[in-house]
Protein chains: 2
Amino acid sequence: MQNKTLIKGNLETIILKLLQDNGEMYGYQISKRVKKMTDAEIQITEGALYPALHKLEAAGNLDIRQQTIDGRARKYYCISKEGKKEVARKIAEFETFVSSMYMILNPVAKCK
Amino acid sequence: MQNKTLIKGNLETIILKLLQDNGEMYGYQISKRVKKMTDAEIQITEGALYPALHKLEAAGNLDIRQQTIDGRARKYYCISKEGKKEVARKIAEFETFVSSMYMILNPVAKCK
DNA sequence: GCAATATACATAATATACTTAGGTATGTCA
DNA sequence: TGACATACCTAAGTATATTATGTATATTGC
């Protein structure tokens, strides 16, 4: 992705949606999964990912479970009931925005 | 629009595309047009609009023509040759990003 | 006639949400 | 044993908006 600014405002949506679909995941896993799913088009940097996870947890949208696997600490996150409401809202918001953008990018002739 | 951050990175695209489709326009007109076209879903604030116009002009993507109409100064902008290349690039970028987002929001089952 | 609203431009201060860069630590593979 | 992968983290810098404020003229309603 050349212009990386397009991810702005969509990072939390991505994280919440992935957790909703896949049950619990840990941060590193999320970043790899997003890269793979989007053919490396969207790459979440660690400097954005971890603060976002902490923020979502603090807001009550995620629950956390820590575990050590193969000597490495992992923090598994899963979406909370509040988080499910939030992700639905965020996806709707994204779709509305995209729809609005296409009103400008693909203007349709109006009837009188 | 609740989350106004979604416009980030798309403002220049909107301005360039409108000017490409409508010939010359002035700032105030652009902001009103966008509001109308998107049913007020996207509203460009003046604090974002005017600096964006100046930046696009400085980058050679817009040409400017000043005129006074009914005692009020207006600055008409129109897209340059460079601007046309730029808007094509930005629209492609937006579409790629949206497509990538939908790979996450609407994941499709993969064949083995 | 005058106040409120619309038109038309502009900039400064502030906020947000990223990127970049740097750090710690363990495991794996050539 | 040195590079790369895994797994977490934070601080500083940057980009791009919002909010607030300013100037000035025209129009509209009471």
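Side chains are part of it too, since the values below use all heavy atoms of this structure and drop only hydrogens, waters and symmetry mates. So you know, we letter chains A, B, ... as the sequences are listed, proteins then strands, and number each from 1.
- From Lys81(B), atom NZ reaches atom CG of Asn61(B) across 14.0 Å, with rounding to the nearest 0.5 Å.
- When rounded to the nearest whole Å, the span between CD of Gln67(A) and P of dC8(D) equals 12 Å.
- For Arg72(B), the listed nucleotide lying nearest its side chain is dT7(C); candidates were dG27(C), dT7(C), dA17(D).
- To the nearest angstrom, P of dT19(D) lies 12 Å from CD1 of Ile7(B).
- Proximity of Lys55(B) to the phosphate of dA15(D): no side-chain N or O atom is located under 4.0 Å from OP1 or OP2.
- Thr45(A) has a side-chain polar atom (N or O) that falls below the 4.0 Å cut-off from OP1 or OP2 of dT19(C).
- Under 4.0 angstrom from either OP1 or OP2 of dA5(D) there lies no side-chain N or O belonging to Lys32(A).
- Spacing between atom NZ of Lys75(A) and atom C1' of dA7(D) amounts to 11 Å, rounded to whole angstrom units.
- Residue Tyr28(A) places none of its side-chain N or O atoms closer than 4.0 Å to OP1 or OP2 of dC8(D).
- One atom, CD of Glu24(B), and another, P of dA8(C), lie 14 Å apart when rounded to the nearest Å.
- Straight-line distance from the CG atom of Leu49(B) to the P atom of dC9(C): 8 Å, rounded to whole Å.
- Rounded to whole Å, the distance from NZ on Lys36(B) to P on dA6(C) is 16 Å.
- Contact check, Tyr50(B) against dA10(C): no side-chain N or O comes under 4.0 Å of OP1 or OP2.
- Using a 4.0 Å heavy-atom cutoff across all strands shown, Arg74(A) reaches sugar-phosphate atoms only and no base atom.
- In the hydrophobic clustering of this structure, Tyr76(A) groups with Leu56(A); members are Ile, Leu, Val, Met, Phe, Trp, Tyr whose side-chain heavy atoms approach within less than 4.5 Å, directly or through other members.
- Looking only at side-chain heavy atoms (C-beta outward), Asn10(A) and Ile42(A) stay at 4.5 Å or farther from each other.
- The residue among Gly27(B) and Ile69(A) whose nearest nucleotide of DNA chain C lies closer to the 5′ end is Gly27(B).
- In this structure, His54(A) reaches the dT10(D) phosphate: one of its side-chain N or O atoms is under 4.0 Å from OP1 or OP2.
- Counting non-hydrogen atoms under 4.0 angstrom, Gly47(B) reaches a base of the nucleic acid.
- Nucleic acid contact for Ala48(B): base, since at least one base atom lies under 4.0 Å from a heavy atom of the residue.
- Among the atoms of the strands shown, base atoms are found under 4.0 Å from some heavy atom of Glu46(B).
- If you measure from atom CD1 of Ile14(B) to atom P of dA17(D), you get 9 Å, rounded to the nearest angstrom.
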Between Phe94(B) and Lys90(B), does the side-chain contact (heavy atoms from CB on, under 4.5 Å) criterion hold? Intermediate values first, please. CA-CA 6 Å; Phe94(B) 174 75; Lys90(B) 280 181 179 292; over 6 Å; no
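- Ile7(A) and Phe97(B) get closest at one heavy-atom pair: CA-CZ, 3.8 Å.
- In this structure, Arg89(B) pairs ionically with Glu86(B), as a charged nitrogen and a carboxylate oxygen lie closer than 4.0 Å.
- Among the protein residues, Leu11(B) comes within range of the sugar-phosphate backbone only, with heavy atoms under 4.0 Å from sugar or phosphate atoms but none that close to a base.
- dC9(C) atom P lies 11 Å from atom CE of Met25(B), rounded to whole Å.
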